[in-house]
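Only one structure is covered here, and it is reproduced in the block below.
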Amino acid sequence: MRVTQALIPTLREVPAEADTISHQLLLRAGMLRRVAAGVYTLLPLGYRVVQKIERIVREEMNRAGGVEMLLPIIQPAELWYESGRWNVYGPELFRLKDRHDRDFCLGPTHEEVITDLVRQEVKSYRQLPLLLYQIQNKYRDERRPRFGLLRGREFIMKDLYSFDRDEEGLEISYRKMYEAYTRIFTRCGLTFRAVEADSGAIGGSDTHEFMVLADTGEAEIVYCTGCDYAADVEKAPCRAETKDACEEMLDTELVATPGARTVREVAEYLNVTPERIIKTLLYEADGELVAVLVRGDRNVNEIKVKNFLGVNQIEIALENGSEEKYGLPLGYVGPVGLKEKGVVKILADGEVRYLRNAVAGANRMGFHYRNVNPDRDFVVDNYGDFRVAEEGDSCPCCHQPLKMRRGIEVGQIFKLGTKYSKALGATVLDEQGNEIPIVMGCYGIGITRTMAAAVEQGHDEDGIIWPVDIAPFEVVIMAVNQRDSLQTEIAEKIYEDLRNAGIDVIYDDRTERPGVKFKDADLIGYPIRLVVGNRAVTDNLLEIKLRSTGEIIYKEKDEAVSYLREVLNRLRKDNNLT
RNA sequence: CGGGGUGUAGCGCAGUUUGGUAGCGCGCUUGGUUUGGGACCAAGAGGUCGGGAGUUCAAAUCUCCCCACCCCGACCA
């Protein structure tokens with residue numbers, strides 16, 4: 001491709017609409033333009049990246065036994081009534097009516113449509129297992145689209161659905177997908193982790209999220225330095241530390257702590273460490289008031305609390321200005337005598353049990369207690385794991401210390417079980433002629449999100465640094481002076497040679513000054529830049545520069561093609577799988 | 001959905017407080033000089049000032065309504 005024939009509108013300045021790095025750089029590199037909130041046009045270079053990611057995904061899905069198909073984006077409401085999700089999905093579902101006033105939606109996902117197909121066409125266990133997938137636009141009417149491609153309302157996604165006769169079959173399909181995903185993100189040149197995740201509302205037993213590690217990620221994950229363990233912090237189980245358990249219990253003492261509400265303020269005021277404070281948080285759990293106790297230096301994991309209680313919703317009950325509602329002073333709440341204040345249940349993190357002579361709120365404005373001891377001064381309904389995992393906690397598998405990183409979720413694999421097959425009546429006959437529900441799994445990859453994640457992970461102050469296999473082009477070639485026919489003749493020749501050699505090359509043939517073309521090349525992030533300058537004319541030498549390292553090598557014209565092949569292979573080497 | 005903010009040329013912004021001929025930088029067009037890290041000189045083009053209603057002799061500027069977009073939160077696979 002020649003730059004003069006393409007549409008690559010790079011921007012010198014950062015558009016005001018973009019706050020996120022990937023969003024800014026994709027706009028500036030001329031790959032992306034906004035059409036509406038959360039809706040974007042992919043320009044030629046951006047679409048090439050998408051196509052390259054899709055190609056890798058296709059190859060790996062096919063390798064794992066997947067078969068591609070195309071499903072409708074417009075889906076009839078009837079299917080969603082059947083699965084029960086028309087009412088459950090809520091306002092995130094893009095709904096529309098046709099001219100006959102019939103209800104439809106734009107598919108946010110395709111369980112209904114694919115299960116409908118399979119129930120009609122698959123009758124025998126002998127037709128299983130079946131791995132069907134599609135890559136296409138999906139729609140979610142996000143309350144707040146943001147971060148450019150990372151959270152849009154229209155996005156490209158790969159979804160594969162597995163259909164097996166039993167749990168064992170599902171386990172095999174699930175493992176195949178786990179491996180395929182690992183290969184895909186490795187081939188995309190990304191640094192990622194597969195983490196155990198909360199299965200959430202979708203149900204099902206096992207689920208892993210594939211996280212691209214990037215400081216700007218929305219999700220926090222912990223991973224082990226000693227083994228393969230990694231998990232979403234929301235999911236990661238915590239072990240209770242048991243130090244201090246043998247100290248002698250002292251008499252409880254009421255102390256004035258005027259103005260000290262936060263753990264830090266109290267710790268400073270009373271000159272104790274935060275670990276010696278019992279932090280008491282009040283939640284409304286489906287309307288009931290529940291207290292959760294954790295050590296002062298810990299945070300409550302609301303998801304664990306919610307799962308433990310088995311409630312639909314929990315919400316922090318005390319906020320600035322809402323104190324009167326329960327007659328409890330914000331910042332001075334404590335477990336002692338709390339049940340008399342209308343609290344139905346007291347949960348405590350396991351670590352709290354081992355605290356001795358701790359500090360806790362006295363449920364009186366301006367007062368705390370010293371020397372509070374669990375089970376002597378107050379009763380806990382349930383001890384459990386209610387805190388958020390932290391860096392340095394010990395690994396639940398091998399007890400090595402955990403580390404923490406932020407990540408961007410680019411894929412997730414789920415064991416669905418029989419939820420949809422039962423709801424929609426997708427069954428097969430087994431050897432005995434019994435009708436059994438098909439056991440399903442679903443496996444998604446956000447294609448456009450992966451593209452954005454790659455930019456979040458690979459960039460510097462000059463622009464994007466694409467991994468070779470998903471870069472819009474592998475090589476950019478340019479003449480320093482496009483008006484110098486000696487240079488352009490060489491450039492044209494090399495351009496031709498590289499194309500004939502099957503190297504993915506773009507020729508920046510604009511008559512811009514070299515600085516402009518250099519800046520654009522850095523911004524767009526082609527992995528290799530090949531420059532034809534005076535040394536090419538006088539000494540037969542071409543300049544080859546690597547975007548990722550800045551390394552510059554000069555090579556004879558005749559060696560250029562084979563050398564570039566070598567460099568491309570080297571850049572790819574770290575993630576070469578076969 | 002709650003809170004906050006912004007809409008002025010393709011992009012980034014000033015002008016709004018105090019109403020009086022719509023500006024700057026970049027980009028774009030033409031001519032010339034340039035050509036190894038976003039060149040220089042000269043001449044140009046480009047605006048319903050987000051939309052509507054109102055106040056006024058006069059509205060980018062004041063009032064009311066609406067819309068779009070962004071940020072924080074809540075929500076979510």
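In what follows, every chain begins at residue 1, and chains take the letters A, B, ... in the order their sequences are listed. As the structure is a computational prediction, the values presented were derived from the model and not from experiment.
Looking at every heavy atom in both residues, L213(A) comes nearest to R405(A) through CB-NH2, 3.7 Å. Between T207(A) and I413(A), the shortest heavy-atom contact is OG1-O, 3.0 Å.
Using C1' as the reference atom, U34(B) and C40(B) are 8 Å apart when rounded to the nearest Å. Nucleotides G44(B) and C13(B) place their P atoms 29 Å apart, quoted to the nearest Å. Comparing the P positions of G73(B) and U17(B) gives an interatomic distance of 34 Å, to the nearest angstrom. For G23(B) and G46(B), the P atoms lie 13 Å apart once the distance is rounded to whole Å. To the nearest whole angstrom, the two P atoms, one in G2(B) and one in U18(B), are 31 Å apart.
Within the shown strands, G44(B) is the pairing partner of C28(B) under the Watson-Crick or G-U definition, both distances less than 3.5 Å. Figure legend. G37(B) is base-paired to no nucleotide; pairs are counted as Watson-Crick or G-U wobble with both atom distances under 3.5 Å. C69(B): Watson-Crick or G-U partner is G5(B), with both key distances under 3.5 Å. Pair assignment for C75(B) gives none, since no Watson-Crick or G-U wobble pairing has each distance under 3.5 Å.
Each of K557(A), R529(A), K555(A) was checked for a salt bridge (Lys or Arg N to Asp or Glu O under 4.0 Å) with E543(A), and the lone residue meeting it is R529(A).
In this structure, R33(A) reaches neither bases nor backbone, as no heavy-atom distance under 4.0 Å exists between it and the strands shown.
Among residues at least two apart or in separate chains, side chain to side chain donor-acceptor pair (under 3.5 Å) pairs with a member in residues 140-149 of chain A are D141(A)-R153(A).
Listed by residue number, the members of residues 13-20 of chain A with any heavy atom below 4.0 angstrom from RNA chain B are E13(A), V14(A), P15(A), A16(A), E17(A), D19(A). Residues from residues 73-81 of chain A with heavy atoms under 4.0 angstrom of RNA chain B: there are none.
Y443(A) and Y174(A) have tilted rings, their planes meeting at an angle from 30° to 60° on a 0 to 90° scale.
For A36(A) and R144(A), each mapped to the nucleotide of RNA chain B holding its nearest heavy atom, the one lying further toward the 5' end belongs to A36(A). Of the two residues near RNA chain B, Y89(A) and R146(A), the one whose nearest nucleotide lies more 5' is R146(A).
Under a 3.5 Å cut-off, the side chain of Q487(A) and the backbone N or O of V537(A) do not form any donor-acceptor pair. In this structure, Q136(A) contributes its side chain and L71(A) its backbone to a donor-acceptor pair below 3.5 Å. Looking at T448(A), its side chain does come within 3.5 Å of a backbone N or O of I156(A) through a donor-acceptor pair.
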May I have the list of side-chain donor-acceptor pairs in residues 2-12 of chain A shorter than 3.5 Å, sequence neighbours left out?
{"from": "R2(A)", "atom 1": "NH1", "to": "E492(A)", "atom 2": "OE2", "distance (Å)": "3.1"}
{"from": "R2(A)", "atom 1": "NH2", "to": "E492(A)", "atom 2": "OE1", "distance (Å)": "2.8"}
{"from": "T4(A)", "atom 1": "OG1", "to": "D509(A)", "atom 2": "OD1", "distance (Å)": "3.1"}
{"from": "T4(A)", "atom 1": "OG1", "to": "D509(A)", "atom 2": "OD2", "distance (Å)": "2.6"}
{"from": "T10(A)", "atom 1": "OG1", "to": "D520(A)", "atom 2": "OD1", "distance (Å)": "3.0"}
{"from": "T10(A)", "atom 1": "OG1", "to": "D520(A)", "atom 2": "OD2", "distance (Å)": "3.3"}

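Contact check, R143(A) against C76(B): no side-chain N or O comes under 4.0 Å of OP1 or OP2.
Here Y178(A) and F210(A) bring their ring centres to under 6.0 angstrom of each other.
In the interface, the side chain of E92(A) is not paired with the base of A77(B) through any donor and acceptor atom under 3.5 Å apart.
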Can you pull every protein N or O that's under 3.5 Å from an N or O on nucleotides 49-52 of chain B?
none

Practice problem: Go along nucleotides 32-41 of chain B 5' to 3' and tag each nucleotide: B for a protein heavy atom under 4.0 Å from its base, S when only backbone or sugar atoms are that close, - otherwise. | Solution: --BBBBBB--
